[in-house]
Amino acid sequence: RHTTGSPDGPPTTAGPTVCDFLGGTHLYGAIMTALFARERSGKGAFVEVAMQDAAYSTLASALGMHFGGMLKDVPPRTGNSHAGLAMAPYNVYPASDGWIAIIVVTEGHWDRLLRAMGQEALVGDARFRSNPDRVKHMEEVDRLVTAWTSAHTRAQLESLTREHGVPAAPVRTLEEVLNDPGMHERGMLRWVDHPEVGRVVLPATPLRIEDAPPPPFEASPFLNQHEAEVLGGILGMDEAE
């Protein structure tokens with residue numbers, strides 16, 4: 001949290017539960033690796049993953065700047081800008097109906113963004129020629145991009161940045177994500193009638209394996225739903241027990 005939030009604000013928690021799921025996916029990798037090793041050696045192994053260990057690599061940008069000696073004048077929290085303030089434009093910018101994230105990593109991205117903005121005259125401008133140059137003039141860069149984004153809707157900006165090959169994505173609401181056409185088309189999300197809470201969106205697994213059908217969409221069992229099946233069927237207990 002120390003690295004998350006605005007420079008003049010307190011440490012801020014991440015919106016999603018990052019560490020929990022990073023720990024789970026790393027544990028899955030450890031389990032599969034141990035199973036593969038067992039196939040080779042015939043010997044099983046105990047595996048474990050700490051959530052803190054799994055989350056450490058997400059500090060890569062800040063750590064790189066730290067050990068590169070470049071963080072002396074960079075605040076620990078940089079808002080939506082690059083963690084080490086080493087790239088610009090790299091931020092979330094206002095649209096007329098929300099926000100859009102634009103991340104310029106290469107000089108080609110910047111030149112294409114200028115063309116998308118109708119600012120071809122600034123291509124090659126010494127103030128913005130390279131990332132270090134743009135970082136020196138970050139406020140000016142952000143003002144330039146903001147003036148453009150704020151005059152367009154998210155859909156218009158998404159279309160323009162895609163057309164010009166600029167890394168960008170609209171900031172979507174939770175409701176918009178739940179109804180994402182691409183995720184529903186891929187079979188990652190599906191509307192399901194839940195017996196207790198009604199109509200909800202359920203996720204499948206993001207893993208896609210050839211010739212392996214995705215698991216069925218089923219609501220989580222309610223408390224004691226399988227009591228008879230487990231106690232009477234699997235454990236062989238009679239009704240009195």
Transitive ILVMFWY side-chain link M32 to V47, under 4.5 Å: yes
side-chain hydrogen bond (donor to acceptor under 3.5 Å, both in side chains) contacts touching residues 27-50 (sequence neighbours left out): none
Results of salt bridge (Lys or Arg N to Asp or Glu O under 4.0 Å) for D20 - residues two or more places apart only: none
Nearest non-hydrogen partners of S81 and M138, listed with the distance: OG-SD, 4.4 Å
Backbone of H152 reached by a side-chain donor or acceptor of S96 within 3.5 Å: yes
Pairs flagged by salt bridge (charged side-chain N to carboxylate O under 4.0 Å, His left out) wherever residues 93-105 is involved - sequence neighbours left out: D97-R154
Evaluation steps, side-chain contact (heavy atoms from CB on, under 4.5 Å), between M117 and L144: CA-CA 9 Å; M117 294 192 299; L144 185 68; 4.2 Å; yes
Exceeds 12 heavy-atom contacts within 6.0 angstrom, atom CD of E185: no
Ring pair (Phe, Tyr, Trp, His ring centres under 6.0 Å) against H26, all qualifying residues, sequence neighbours excluded: none
N80 side, atom CG; I103 side, atom CD1 - distance, nearest 0.5 Å: 9.5 Å
Spatial distance of atom OH (Y93) from atom CD1 (I100) [nearest 0.5 Å]: 11.0 Å
Listed once per pair and sorted, the salt bridge (charged side-chain N to carboxylate O under 4.0 Å, His left out) pairs that draw on residues 109-119, sequence neighbours left out: none
Between NE2 on residue H184 and CG on residue N179, distance to nearest 0.5 Å: 5.5 Å
For the student: nearest non-hydrogen atoms of C19 and A55, plus distance: SG-CB, 3.8 Å
Cluster link F21 to V18, ILVMFWY, side chain under 4.5 Å: no
Residues L202, R190; criterion side-chain contact (heavy atoms from CB on, under 4.5 Å); working and verdict: CA-CA 6 Å; L202 295 182; R190 183 182 301 172; 5.8 Å; no
Exam field: side chain S159 to backbone A155, donor-acceptor pair closer than 3.5 Å: no
N224 side chain vs E227 backbone, donor-acceptor pair below 3.5 Å: no
Point-to-point distance, once rounded to the nearest 0.5 Å, from CG of L178 to CH2 of W191: 6.0 Å
Below 3.5 Å, can you tabulate the donor-acceptor pairs from side chains in residues 124-131 to any protein atom, sequence neighbours excluded?
| from | atom 1 | to | atom 2 | distance (Å) |
| --- | --- | --- | --- | --- |
| D125 | OD1 | R127 | N | 2.9 |
| D125 | OD1 | R127 | NE | 3.0 |
| D125 | OD2 | R127 | NH2 | 3.0 |
| R127 | NH1 | E140 | OE2 | 2.5 |
| R129 | NH2 | G124 | O | 3.0 |
| S130 | OG | D133 | N | 3.3 |
| S130 | OG | D133 | OD2 | 2.8 |
| N131 | OD1 | A88 | N | 3.1 |
| N131 | OD1 | R134 | NH2 | 3.4 |
| N131 | ND2 | V105 | O | 3.1 |

Salt bridge (Lys or Arg N to Asp or Glu O under 4.0 Å) partners for D53, two or more places apart: none
Same apolar cluster: V201 and V197, side chain cutoff 4.5 Å: no
Do any side-chain atoms of residues 161-171 form donor-acceptor pairs under 3.5 angstrom with protein atoms, and if so which ones, sequence neighbours left out?
| from | atom 1 | to | atom 2 | distance (Å) |
| --- | --- | --- | --- | --- |
| T161 | OG1 | L157 | O | 2.8 |
| T161 | OG1 | E158 | O | 3.2 |
| R162 | NH2 | E158 | OE2 | 3.1 |
| H164 | ND1 | L160 | O | 3.0 |

Closest approach of R208 to R186 (non-hydrogen atoms, all atoms of both residues): NH2-O, 3.0 Å
Would you be so kind as to tabulate the donor-acceptor pairs closer than 3.5 Å made by side chains of residues 228-241, with sequence neighbours excluded?
| from | atom 1 | to | atom 2 | distance (Å) |
| --- | --- | --- | --- | --- |
| D238 | OD1 | A240 | N | 3.2 |
| D238 | OD1 | E241 | N | 2.8 |
| E241 | OE1 | D238 | N | 3.0 |

Common cluster, V104/V92, ILVMFWY with side-chain heavy-atom separation under 4.5 Å: no
Partners meeting salt bridge (Lys or Arg N to Asp or Glu O under 4.0 Å) with R199 (sequence neighbours left out): D193
Pairing residues for T205 by the side-chain contact (heavy atoms from CB on, under 4.5 Å) criterion, not counting sequence neighbours: L207, P215
Path from I31 to V49 over hydrophobic side-chain contacts below 4.5 Å: yes
Pairs touching residues 220-241 that satisfy ring pair (Phe, Tyr, Trp, His ring centres under 6.0 Å), sequence neighbours left out: none
Backbone of P94 reached by a side-chain donor or acceptor of T149 within 3.5 Å: yes
